[in-house]
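Working notes, beginning with the structure itself.
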Amino acid sequence: MMENCKLSIRNITKQYKNAGARFAALDGVSVDIEAGEFLSVLGPSGCGKTTLLRIIAGLLSPDEGQILLDGKDITNAPPSERSLGIVFQNYALFENMTVFDNVSYAAKLKAKREKSATVADVKARTAELLGELGIADLAKKYPSALSGGQMQRVAIARTLILNPEIMLFDEPMSALDIATRIQLRAVIKNIQKKFGTTMIYITHDQEEAFAMSDRIMVMEKAKISQIDTPRAIVSYPANEYVKSFVVDNLRAKIESVSAVLEY
Amino acid sequence: MTDLRIKKKRSVAIGFSKFSLMLILAFVVVLPLVRMMTVLQFVDFEDVFYSPHFKSALINSIVYTLASTVISVVVAYLLAICTVRVDIRFKRVFSILLTLPMLIPSISHGTGMIVLFGSNGIVSRLFGLTAVSNIYGAPGIILGSVMYAFPVAYIMLADVLRYEDMAVYEAADILGISRTRAFLKISLPYMKKPLLTAFFSTFSMIVTDYGVPLRIGGQEKTLSSLMYESAIGRSELGQGAVFGLVLLIPALLSFGVDFFSKEKASSSFVRSSGQSHGSRQLSLRILAYIFCGLMVVFSLLPIIAFVLLSIVENYPNRMNLTFENYAFILNGDGLQYLMNSLFIGLITALIGTAIGFVCAYLTSRAKSPASRILHLLSITSMAIPGMVLGISYLTTFAGSALYGTIMILVMVNMAHFLSSPYLMMYNSFGKMNENLEAVGSTLGIGRLRMLGRIFLPQSFPTLAEMFSYLFVNSMMTISAVAFLATSDTRPISLMIKELERSPKVGRIAVVSLLILAVNILIKIIVERVKSLAARKRLEQ
Ligand SMILES: Nc1ncnc2c1ncn2[C@@H]1O[C@H](COP(=O)(O)OP(=O)(O)OP(=O)(O)O)[C@@H](O)[C@H]1O
Ligand SMILES: [Mg+2]
């Protein structure tokens with residue numbers, strides 16, 4: 001185990017039934033994630049990325065294996081006691097609440113339950129967060145009036161209000177246009193820096209993974225193919241698959257772009 | 001290990017709710033049906049099936065229902081095309097006016113046809129056709145059935161058309177495929193399943209209705225009118241149950257078709273993104289105006305006739321203006337019956353909406369093997385005609401403390417009408433974001449709290465819709481309640497049957513208009529409440 005390990009995923013296995021036959025969605029997946037690290041998960045559709053994320057979040061239980069948070073076994077702990085937040089591609093905002101209430105609701109409940117803060121504290125903290133994410137002027141709007149990028153900012157603020165130590169993202173930008181993506185990248189990286197949050201980030205976009213990550217985890221069919229820094233993956237792809245899925249894809253992109261830029 | 005215990009407690013609570021709801025549904029739907037089957041063992045089936053009555057009624061039922069169904073569905077489809085696919089003005093007004101006949105009991109439409117097209121009918125007199133006009137029998141049954149059935153089919157088909165992906169047509173346009181070809185090759189195949197569903201559900205609705213054929217059939221009997229006569233007229237429950245069994249067949253068939261076509265249809269088509277205004281071709285628009293206009297006139301005829309009849313002393317002999325008909329109804333038992341209906345409608349709507357909501361939540365957002373069973377139980381009642389339900393309840397509860405109470409009417413209405421509002425909510429839950437529970441549990445918002453603070457408020461428009469459906473149907477139904485109502489608990493829709501003995505049709509007109517008025521009022525209130533809720537969110 002590494003020295004500064006925040007989250008340790010050990011030998012996780014998960015099987016599903018499909019048309020009567022069992023198959024593995026995750027097959028002995030192990031990874032240690034450092035505190036404050038940004039880890040991207042890259043892999044083709046159906047390789048088990050979302051399943052892994054849901055198991056980390058406690059929304060699914062694994063068939064086998066353990067999850068340790070700061071060395072403590074949380075494999076069976078409920079999601080709300082894992083100090084993590086999750087952000088989805090389709091936002092999953094509370095449509096019937098204003099932006100402000102979306103963000104503050106969970107914190108209000110928690111403050112009431114634990115008598116840890118006053119309503120005024122929660123409100124102040126919410127306003128502060130909205131400001132940090134650049135959506136202060138949207139506080140009174142309902143989600144149906146927002147753009148995709150704005151909704152994703154609200155979703156991020158909603159998880160941040162509980163000060164999670166880990167944030168999970170499941171393709172948070174797949175539904176957004178490129179300009180918005182690049183803005184949001186900066187927002188997310190800023191949060192990571194400012195709060196020291198550990199981030200696990202699923203994406204389909206190789207370039208995004210390379211731009212944002214400390215390390216990238218490449219998956220293929222329920223297994224990890226390689227975990228390494230972006231530079232190491234490009235220089236030393238672990239096998240043919242990683243080379244073609246990550247490196248070649250990236251090359252193709254660079255070539256097509258530079259061809260246009262150079263006329 | 002406290003964490004696991006919490007998890008367990010939660011799933012126990014959900015399992016328990018599912019189990020209780022299954023018990024309730026089994027009690028109000030399955031048990032009576034089973035009980036009815038046991039009555040059948042005392043019936044001489046041959047006696048019933050080989051009687052000449054039965055054979056002619058069977059043929060009549062099939063022929064008349066088939067004719068009414070084909071007309072209703074074709075008219076409904078054309079109207080749906082006119083109001084969805086052709087660029088005409090007043091679309092909303094047209095749709096509202098076209099669906100008004102749905103808000104009057106079928107039994108009123110029998111009377112409606114008589115006062116319009118009978119030998120002394122308003123229309124017959126207007127065109128000097130009094131001598132040749134014979135509305136009793138086939139023409140009356142078919143016209144009257146079309147009257148209340150086509151709006152139902154229209155709503156179904158217009159809904160499907162509205163959700164069809166218009167991008168296909170745009171693509172066809174760009175490829176230079178003509179509109180006629182696009183209609184034949186794209187629209188019709190797309191509509192095959194919805195048309196089939198509409199056909200079967202309209203068929204089963206018409207074939208199980210006794211209101212129209214009993215009133216206007218004359219010598220022509222149908223299975224439903226025979227069933228009414230034997231079970232209610234002569235109290236021969238066993239014989240009635242046999243007819244009921246036969247009527248169960250088309251209902252089950254329609255249920256099966258609906259069940260299987262829905263399973264597939266939902267996945268293969270996406271909602272259109274852009275709202276299209278429809279064809280702007282002048283000739284099409286003119287045709288659409290003419291057709292919609294004619295059908296609106298047809299829909300409004302009975303209502304206009306009722307208004308006229310209700311305010312004259314005795315059509316057609318004494319045409320002086322009077323409110324005597326209103327006074328008779330509201331001073332006599334009518335007011336009591338109206339109150340009964342309002343009470344039954346309100347309670348049915350409240351309980352039904354609540355049960356439908358909870359059931360839909362448990363089957364769509366707390367999935368488990370038990371959800372399947374609960375889902376099936378919630379929709380089976382759709383397959384049971386009201387009269388069959390009525391006779392089942394009678395055989396099961398006669399003599400019990402429930403019998404003769406308002407509660408048994410509420411129960412039977414619930415059993416009868418629950419499936420549609422349940423499905424409304426089920427579909428609406430299905431459309432809500434699938435990650436909401438995941439968000440709730442990571443943020444530490446409990447299941448119950450999510451239900452109350454997130455799902456319930458978001459379901460508001462659907463809940464209003466469910467409430468209105470249950471209320472309006474309770475207001476109009478005559479099928480099941482005819483077997484169970486007593487003079488104290490009788491709902492106002494059944495008063496029409498009673499009044500048919502009196503020569504004063506004005507009184508029937510008053511009752512029909514009262515029911516229509518209440519239903520319109522409910523619809524308006526529900527729409528207002530819905531748009532207020534929607535506006536609150538948009539204002540910001
Ligand atoms: N509840 C379930 N029941 C059965 N099979 C499932 C279930 N959930 C996921 N699977 C299957 O498990 C495999 C992994 O699914 P998962 O959602 O983790 O993939 P993914 O990597 O997130 O894919 P994508 O990139 O498309 O989101 C897939 O083959 C999927 O069909
Ligand atoms: Mg996924």
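Below, read A as the first sequence line, B as the second, and so on, with proteins coming before strands; counting in each chain starts at 1. Computed from a prediction, not measured in an experiment: that's the story for all the values here.
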Exercise. Is it the case that more than 12 heavy atoms not belonging to A:Phe23 sit under 6.0 Å from its CZ atom?
Worked result: yes
Exercise. Among A:Leu59, A:Leu93, A:Leu84, who wins on heavy-atom pairs under 4.5 Å with chain B?
Worked result: A:Leu59
Exercise. Do other residues, nucleotides or ligands put more than 12 heavy atoms under 6.0 Å from A:Arg113 CZ?
Worked result: yes
For this session: Please say whether more than 12 non-hydrogen atoms of neighbouring residues, nucleotides or ligands are located less than 6.0 Å from CZ in B:Arg92.
Result: no
For this session: Answer yes or no: are there more than 12 heavy-atom neighbours, outside A:Lys123 itself, under 6.0 Å from its atom NZ?
Result: no
Exercise. Going by heavy atoms in the side chains, are B:Val439 and A:Phe94 under 4.5 Å from each other?
Worked result: yes
Problem set entry | Atom pair CD1/CG of A:Ile161 and B:Leu443 - distance to nearest 0.5 Å | 10.0 Å
Exercise. Could you go step by step and tell me if B:Arg453 and A:Leu109 meet the side chain to side chain contact (heavy atoms under 4.5 Å, CB included) rule?
Worked result: CA-CA 12 Å; B:Arg453 285 285 282 139; A:Leu109 287 182; over 6 Å; no
Problem set entry | Which atom of B:Ser441 lies closest to which atom of A:Pro79, heavy atoms considered | O-CB, 3.5 Å
Seminar exercise, completed: Looking only at heavy atoms, the pair that brings A:Ser80 and B:Gly444 closest together is CB-CA, 3.4 Å
Exercise. Yes or no on side chain to side chain contact (heavy atoms under 4.5 Å, CB included) for B:Arg449 and A:Tyr105, after CA distance, side-chain angles and deciding distance?
Worked result: CA-CA 11 Å; B:Arg449 195 161 252 134; A:Tyr105 184 56; 3.1 Å; yes
Exercise. Rounded to the nearest 0.5 Å, how far apart are CD1 of B:Ile445 and NZ of A:Lys110?
Worked result: 12.5 Å
For this session: Run the numbers on B:Met432 and A:Glu95 for side chain to side chain contact (heavy atoms under 4.5 Å, CB included), then give the verdict.
Result: CA-CA 10 Å; B:Met432 289 183 202; A:Glu95 299 284 334; over 6 Å; no
Problem set entry | Minimum side-chain heavy-atom gap A:Gln89-B:Asn435 below 4.5 Å | no
Problem set entry | Reported OG1-to-CZ distance for the pair B:Thr442 and A:Arg158, which is rounded to 0.5 angstrom | 8.0 Å
Exercise. More than 12 foreign heavy atoms under 6.0 Å from CG of B:Leu448: is that the case here?
Worked result: no
Exercise. What heavy-atom pair brings A:Asn90 and B:Asn433 nearest, and what distance separates the two atoms?
Worked result: O-ND2, 2.9 Å
Problem set entry | Exceeds 12 heavy-atom contacts within 6.0 angstrom, atom NZ of A:Lys112 | no
